[in-house]
Amino acid sequence: MLWPEIIVYGVGALAKEKADADMPFIEIARAFDEMEKITSRIALTQLLVNLIRRTPPNVINKVVYLIQGKLGPDWKDIPELGIGEKLLVQAISLAYNKKEQDVVNAYNSEGDLGKISEKYSQEGGKKGGLMSFIGAESVALTVRRVFDSFLKIAYSQGEGSRDLKLKLISGLLRDAKPLEARYIVRFLEGRLRLGIGDATILDALSISYGGSINYREVVERAYNLRADLGEIASIVANEGIESVKGIKPEIGIPIRPMLAERLSDPKEILEKIGGKGFVEYKYDGERGQFHKDGESIKIYSRRLENITNMYPDVAEYIKRNIKAEKAILEGEIVAYDPDTGELRPFQELMHRRRKYDVHRMMKEIPVKVFLFDALLVGDDDLTNKLLPYRRKMLEEVSQEDEKINIAKYIEVENPDELWGFFLEAIAEGAEGVMVKALHGESVYRAGIRGWLWIKLKRDYKSEMTDTVDLVAVGGFYGRGRRGGKVGTLLFAAYDKELDVFRTVCKVGSGFTDEDLDKMYDLFKPFIIERRHPRVDSNIEPDLWFEPVKVAEIIGAELTLSPLHSCCFNKIREGAGLSIRFPRFLRWRDDKGPEDITTEEELMEMYKRQLRRIEEKQV
Ligand code: ATP
């Protein structure tokens, strides 16, 4: 019983504050100073409670952001303050009438520009007022002025912005009391580091406005539904703590994602979720939370960053295929190969994040979306609705096509069915399955990892231990960097019985730039006008080759694919066998096409792989 120690006073007093009330910034600076000296979380919470109680409701959001060392939640994309040491040194020298070199020297010996500013400010005060430097009147700083200046500094970009920043910072410092100067400088440097986490702020808000820690759950749920602590503080302060009980998600404010627990035994999984559940493919991509408000689409990541700019194509698909005017949906964005339709791994998708040329990347790494939840449709908050209802709504509002799909799923009641679906999922390039409860409590628990969702993943390490030798039967011209060159080859295995070559994979990785430069010339003697009569292929490459050149290939694992003709219909109706993530190792000119890996051998390898996966589960 630690919490009752915290003294609660003055509940409700704040509501009486005037709407335009502000707060002296010195209160914040003093609180920060005290926080630095405190090591116990209880004492820290108490201090925060006291500070929050003194804060007028209309600036509470700003105070919360200042405590977090931010100007707003990360997803708001407020530009970085980006104040380099050099600019700060200049601003300090301007504010306190010091030589820049003196500031640099002081910095080199003390290492803290915040403390140096504080010292200069004190000296100025002793000399009969800092403003005597410039002959102006000092104006006491308020939270609003400091915060708004920080915002202006962040948003001033481009030509002339350096001068503007200098003016704003030195202006603040001139008016700042010594302690204020310390924290203004530290904030601008991004070195506030008070070490106050969201959890402590949530505790302090519950105690300050609700009178007890018992409100913590309510406030936290509100925060999970609207991931903006400043906004939550504002609602609690202005409308009372009870008002957050009815809080709904709002389009444009990300919802903290529901997370899954992990288990490996299908029987245990079913028991945990109450005997039956939905089993869905667990796709290997990036989670996206899609907010649609008419024509405006926003996409947030698992970590609630705004990633709309990285996926303009996805934003278009959502706009086009989601029939509701307003909606918040969740799904996985997955890269795929447009020629074969095969899903590509997460690592490939991540190239989109690193590259600047998004529009080129959109062509090189096309993506699709697999939707798996609906959190808001129209004005209806679905987070309190059960999974079967949310799924029904998701299906109602989504028009499926090549780019937008509902995650593949079935309802299961027995472990064998679950296991069968798991094997199917991994054979088709998924990472495993998500098993989701659909009982009377299967609501969307934002921000919480619990047993309503359980993930069953296959071991990610390479399942294909042996290399295979395959013959090249066709080629594709590359795009982007490989534009105009033959950058990808179509490979086949050997059907000994019928003496034909059946396709297994397209290989585009493992080649050096030199290999790529020489590729066309290498195959020139073998280019033929149409498919070779001994080649069986459902894929149409840009160039057909005589089956002559043999290469050694390694892949992550063997997988079922509707596109390749190797072992077609032999393992499953409508599917052939393919190699996932194949890589070229070397040419095997010592081998002729009849010496390569046979269909039968590949089938054996696939069966061994399945056995290995099953053994791992026992
Ligand atoms: P976690 O997100 O649970 O902290 P993590 O980031 O390592 O863990 P995983 O263990 O791979 O991710 O599992 C969760 C992720 O799986 C989700 O965040 C989501 O991106 C992804 N996912 C893929 N398919 C689904 C699906 N059908 N339902 C829910 N999540 C899915």
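Order of listing sets the numbers, starting from 1, for every ligand and every atom in it.
- Of the possible polar contacts, one joining the Thr308 side chain to the Ile299 backbone as a donor-acceptor pair under 3.5 Å is found.
- Each of Leu259, Glu280, Tyr281, Lys282, Tyr283, Arg287, Arg302, Glu332, Phe372, Glu431, Met434, Lys436, Arg449, Trp453, Lys455, Lys457 has a non-hydrogen atom positioned under 4.0 Å from some atom of ligand 1.
- For Phe421 and Tyr409, the ring centers sit 6.0 Å or farther from each other.
- Test Leu329, Asp373, Ile322 against Leu394 for side-chain contact (heavy atoms from CB on, under 4.5 Å) and you get one pass: Leu329.
- Remark: Arg352 engages Asp313 in a salt bridge, criterion side-chain N to carboxylate O under 4.0 Å.
- Between Arg41 and Asp203 a salt bridge is recorded (basic side-chain N to carboxylate O distance below 4.0 Å).
- Ion pairing between a basic and an acidic side chain is recognised when a charged N comes within 4.0 Å of a carboxylate O; Lys570 and Glu599 show such pairing.
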